[in-house]
There are 2 protein chains.
Amino acid sequence: MALEHAIMVSLAERAGSGYELARRFERSIGFFWAATHQQIYRVLKRMDDAGWVQAETVAQDGRPDKKVYTVSALGHDELRRWLAEPTEPAPMRDELAVKLRGASLGDVQALYDEVARHRDLAATRLDGYRVIEKRDFPDPARLTGRNLHHYLVLRGGIRVEQGLVDWYEEILRALEADR
Amino acid sequence: MALEHAIMVSLAERAGSGYELARRFERSIGFFWAATHQQIYRVLKRMDDAGWVQAETVAQDGRPDKKVYTVSALGHDELRRWLAEPTEPAPMRDELAVKLRGASLGDVQALYDEVARHRDLAATRLDGYRVIEKRDFPDPARLTGRNLHHYLVLRGGIRVEQGLVDWYEEILRALEADR
DNA sequence: AGATGCAATGCAACCCGTTGCATATCAATC
DNA sequence: GATTGATATGCAACGGGTTGCATTGCATCT
């Protein structure tokens, strides 16, 4: 599984607690690899047992203690091993596509509305990505190394969302013409 | 879950056995909702117990018996209920994106090769979709109802794969420029 | 004659993700 | 004074997906 490795990639960039990781997964990393705090805590513990990360308890004033995790040498070895390993493309899972395929067995107008809703959701996410793109990568041609890689991941998110928006609008146009 | 409903959508189009369904999931339906034969057999049994489908054992000569499943009235009710229900967009899961984000922690050249491999895989899938598009939907403007819906699902597959190919090529160009 | 492969169905074990719940501290608000 | 909300961590149960294995019959290939 890749959750361990996604967490280590994030921790290698900057050490952090489970709670902080959960918030990172809601933002940047979570755009292409989702995880809840329960998953993260469980996996962090497993990785601690395996020696991939080390925890340091940090007392804070005005807040509960936190455990700040760092990737160990063993963890870095594992990360390199995993990075070198080939990755199989994940099979697609699109529930809306299943509903579209079965649309004529139910209420086509309801599906139309649902597609419009998904279009709006995707357009909102796309806007969010574009804001990050302009804010964090104003001059993409000059990027190198890690920053370039981060930018390219964001580009993937933008392309996927744009593709979805275009698809949803094609569906809406076609369903209107079929009414 | 949607596997039950994906199976019912498929069975509503045409009755079939678990084995036949497994092959359909390798082709058309599986493009946007993957399932193995073990999953399918298990779920078919569950649906039979729930009364959503009915099985009829059919003897064949030269081949083992098969159980041909049909969607029952109760199953159609459940399908309509599910189709009317809102669908939440599934969170993305892209392992290659995680590796790209952590690329500088490992061998960047190996990642380059891996991206090239994924580009080739996506391009092959895309070609397959385009063949189906030309063969089964030569005149998309005239499509209506169920055929239109099937076409629109295929269009989604084409758009997604094309988006991936474009993304992978952007990555390859950028990594070359960064060498 | 033996091996491979396809058609056809199924069990069992394991892992992962989801959901619901629980707990504690402090700040800010009502 | 009580409630909400953020910070912070965690357990337990359930359900779905994955993987490995098992069986039977026939056809075809070596």
Side-chain angles (χ1 to χ4, degrees), chain A residues 1-7 11 15-27 29-30 32-50 53-69 82 87-95 98, chain B residues 1-8 11 15-27 29-30 32-50 53 55-69 82 87-95 98:
Chain A
M1 262 313 301
L3 180 54
E4 282 91 333
H5 303 96
I7 287 176
L11 286 181
S17 67
Y19 189 83
E20 282 165 354
L21 279 167
R23 277 180 310 165
R24 291 187 208 171
F25 271 79
E26 277 166 21
R27 288 183 278 101
I29 314 198
F32 48 91
W33 201 272
T36 62
H37 79 271
Q38 290 89 343
Q39 266 177 283
I40 291 169
Y41 283 122
R42 201 200 316 178
V43 170
L44 276 174
K45 188 172 190 191
R46 208 158 57 206
M47 289 197 292
D48 198 358
D49 293 343
V53 295
Q54 270 141 19
E56 194 196 354
T57 304
V58 175
Q60 306 178 105
D61 48 84
R63 286 180 191 179
D65 291 1
K66 65 178 175 179
K67 286 191 206 167
V68 174
Y69 288 90
W82 177 76
T87 286
E88 290 323 305
M92 248 187 96
R93 283 269 159 134
D94 191 331
E95 202 169 305
V98 179
Chain B
M1 263 313 303
L3 180 53
E4 282 90 335
H5 303 94
I7 288 176
M8 282 200 286
L11 286 181
S17 67
Y19 190 83
E20 282 163 355
L21 279 168
R23 277 180 308 166
R24 290 187 210 170
F25 272 79
E26 278 167 20
R27 288 184 278 101
I29 314 196
F32 48 93
W33 200 271
T36 61
H37 79 273
Q38 289 90 345
Q39 266 177 283
I40 291 168
Y41 283 122
R42 202 200 316 177
V43 169
L44 276 174
K45 187 169 191 193
R46 209 158 56 205
M47 289 196 292
D48 197 358
D49 293 344
V53 294
E56 194 196 351
T57 303
V58 175
Q60 304 180 106
D61 49 85
R63 285 181 190 177
D65 292 1
K66 64 177 177 180
K67 287 191 206 166
V68 173
Y69 288 91
W82 176 76
T87 286
E88 289 324 303
M92 248 188 95
R93 282 268 158 134
D94 191 331
E95 203 170 304
V98 179

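In this text the structure is predicted, and so the values were computed from the model without any measurement. So you know, we letter chains A, B, ... as the sequences are listed, proteins then strands, and number each from 1.
A sub-4.0 Å separation between OP1 or OP2 of C/dC16 and a side-chain N or O of A/R46 is present. Taking 4.0 angstrom as the limit, A/T36 places none of its side-chain polar atoms (N or O) nearer than this to OP1 or OP2 of C/dG17. Taking only side-chain nitrogens and oxygens, B/Y19 comes nearer than 4.0 Å to OP1 or OP2 of C/dA7.
Contact annotation: side chain of B/R42 to base of D/dT18, donor-acceptor pair present below 3.5 Å.
Looking at the side chain of A/Y69, the nearest of the listed nucleotides C/dG10, D/dG10, C/dC6 is D/dG10. Listed candidates were D/dT7, D/dT18, C/dT9. Nearest to the side chain of A/R23 is D/dT7. Nearest to the side-chain atoms of A/P64 among the listed nucleotides C/dA24, C/dT9, D/dG10 stands C/dA24. Ranking D/dT18, C/dG20, C/dT9 by closeness to the A/Q38 side chain, first place goes to C/dG20.
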Apply side chain to side chain contact (heavy atoms under 4.5 Å, CB included) to residues B/E95 and A/W82 and explain how you reach the verdict. CA-CA 11 Å; B/E95 203 170 304; A/W82 177 76; 3.7 Å; yes

Could you check A/L3 against A/I7 for side chain to side chain contact (heavy atoms under 4.5 Å, CB included), going step by step and ending with a plain yes or no? CA-CA 6 Å; A/L3 180 54; A/I7 287 176; 4.2 Å; yes

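Checking each of A/R46, A/R42, A/K45 against A/E4 for a salt bridge (charged side-chain N to carboxylate O under 4.0 Å, His left out) leaves exactly one that passes, namely A/R46.
Atom CD of B/Q39 and atom P of D/dG15 are 16 Å apart (whole Å). As rounded to whole Å, 13 Å separates atom P of C/dT18 from atom CZ of A/R93. Summarising the geometry, the separation between NE2 on B/H37 and C1' on C/dA8 is reported as 9 Å, rounded to the nearest angstrom. Following rounding to the nearest Å, B/M47 (CE) and D/dG15 (P) show an atom-to-atom distance of 17 Å. For the pair A/L44 CG and C/dG17 P, the computed distance is 13 Å after rounding to whole Å. Rounded to whole angstrom, the span from the CD1 atom of A/I40 across to the C1' atom of C/dT18 amounts to 14 Å. Put simply, OH on A/Y41 is 18 Å from P on C/dT19, counting in whole angstrom units. Spacing between atom NZ of A/K45 and atom P of D/dG10 amounts to 7 Å, rounded to whole angstrom units.
Looking at every heavy atom in both residues, B/I40 comes nearest to B/G18 through CG2-O, 4.0 Å.
If you find the closest nucleotide of DNA chain C to B/P91 and to B/V68, the one lying nearer the 5' end belongs to B/V68. Along DNA chain D, the nucleotide closest to A/K67 and the one closest to A/R63 are compared, and the more 5′ of them pairs with A/R63.
Within 4.0 Å (heavy atoms only), B/Q60 reaches sugar-phosphate atoms of the nucleic acid but no base atom.
Taking CH2 from A/W33 and NE2 from A/H5, the interatomic distance works out to 11.0 Å, rounded to the nearest 0.5 Å.
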